[in-house]
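Lettering of chains follows the sequences in order, A, B, ..., and the numbering in each one begins at 1.
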There are 2 protein chains.
Amino acid sequence: MKKTSTPYHHGNLRKALLEIAVELIREKGADALTIREVARRAGVSHTAPYRHFKDKASLLAAVACEGFEMMVKETKERFSEIAHDTLARLRVCGIAYMEFAIHNPARYRIMFGSGRPHIKNSALRKASEASFGLLLECIKECQKEGTARPGEPMEMALAAWSIVHGFSMLFIDNQIRENSLFAADRKSMMDMVVNNLYTGFRI
Amino acid sequence: MKKTSTPYHHGNLRKALLEIAVELIREKGADALTIREVARRAGVSHTAPYRHFKDKASLLAAVACEGFEMMVKETKERFSEIAHDTLARLRVCGIAYMEFAIHNPARYRIMFGSGRPHIKNSALRKASEASFGLLLECIKECQKEGTARPGEPMEMALAAWSIVHGFSMLFIDNQIRENSLFAADRKSMMDMVVNNLYTGFRI
DNA sequence: ACCTGAACACCGTTCAAGT
DNA sequence: ACCTGAACACCGTTCAAGT
């Protein structure tokens, strides 16, 4: 009756822990993410997670890392669905970013979590830079084709990142929705954001 | 030897607790903000704070509230220092916002803290709306004078808020500085942000 | 009114010990 | 290798009791 994986060993505890962590945050908020509760749900002792993650911060870093990878993947999928139009791609870059944040608020908050204790995690850094790189490339392509004004691409990417990140944060923290000052729905608010960045305030 | 305030009663515990809370976050990060540690530093039992704040979230809400009031005050002070130039005021609105965030990162993070548990606090909401109102008025004035393009002011204010909030968050979470992709200093990065919003990406 | 101390039900982390 | 249980030093919150 012995298989390669026994009932005693959990098989893929690491993966299970990550899934449970996200579940937990989604269900009960960031404060409910407790290493002991994750272990409980996994049916494992509260010290078992320490075999897979150095500490709580490392668990959070892993969740964040997955998040950036998901974001990049989703954005690329959208790219392949549209014609090769540089401006459309730039727009998709922003929209996909905000939609990811809004659809995965718990995870997104961890990705940019307070006090960034886990930023020195190198896998996480690499994943986050890949996401930024996508944006940067889009801007450069637009400039090459003449659909965006000339200018330092890095500066423009920073502005673009700021606006989509700012909107996402404000939205998921209910700083916008509950204000009731904004009548518009999600979709049109996201359009507003990218349109305003493209058009600017100048006359 | 009896004065109006005895050594037994603390006098102004509430105020002291708020100050200590900010100190604590600045020194040791958000995780170190513990109601027990605040009480310890105030030289008071760990349950005394509950006389002044319903729970930890209420303490945080009070800290956040003070923050918005400080931000509005600082922005208005800058207004009075410059000529009455609508566009300059709009710019100052953004710069003052980002500078407040960067100079008070701990407090700023609480103001937009994860999971907004205290947003239903009405004093906090009022203070935050006052800050947004300032921005909204600036935009309307610019439109009246023809220094900003026409358009729904609310939408434009949301875009402006998003970009300065996004930049502030990215900066204080070291998502920008440690990237080392950006050679620029604080001051010129903030200029970049407002310039990009004003100019836009269009040709 | 304002403050205290004990108590309760939790945490994260460590470490010797088990299979 | 992987997991457990007890232990340590903490939390937030409640509540009867003191001045």
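Under the rule for a side-chain contact (heavy atoms from CB on, under 4.5 Å), B/E81 has no partner lying at least two apart in sequence or in another chain. With sequence neighbours left out, B/K187 forms a salt bridge (Lys or Arg N to Asp or Glu O under 4.0 Å) with B/D191. Residues meeting the side-chain contact (heavy atoms from CB on, under 4.5 Å) test with A/S188, sequence neighbours left out: A/A184, A/D185. By the salt bridge (Lys or Arg N to Asp or Glu O under 4.0 Å) test, A/R14 pairs with no residue at all, sequence neighbours left out.
The minimum heavy-atom distance linking A/T199 with B/R202 is given by the pair O-NE, 2.6 Å. The minimum heavy-atom distance between B/R149 and B/Q143, with the atom names listed, is O-NE2, 3.2 Å.
Atom-to-atom, CZ of A/R51 to P of C/dT14 comes out at 11 Å; the value is rounded to the nearest Å. Atom-to-atom, CG of A/N12 to C1' of D/dA1 comes out at 15 Å; the value is rounded to the nearest Å.
Ring orientation note: the planes of A/W161 and A/F132 are tilted relative to one another, at an angle of 30° to 60°.
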Note, DNA chain C 5' to 3' with Watson-Crick or G-U pairs under 3.5 Å encoded as ( ), [ ], | and . gives ||.|||||...|||||.||
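None of B/F100, B/Y108, B/F112 except one satisfies the ring pair (Phe, Tyr, Trp, His ring centres under 6.0 Å) rule with B/F68; the exception is B/F112.
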For nucleotides 5-13 of chain C, 5' to 3', base contacts (B), sugar-phosphate-only contacts (S) and non-contacts (-) with protein non-hydrogen atoms under 4.0 Å give BBB---SBB
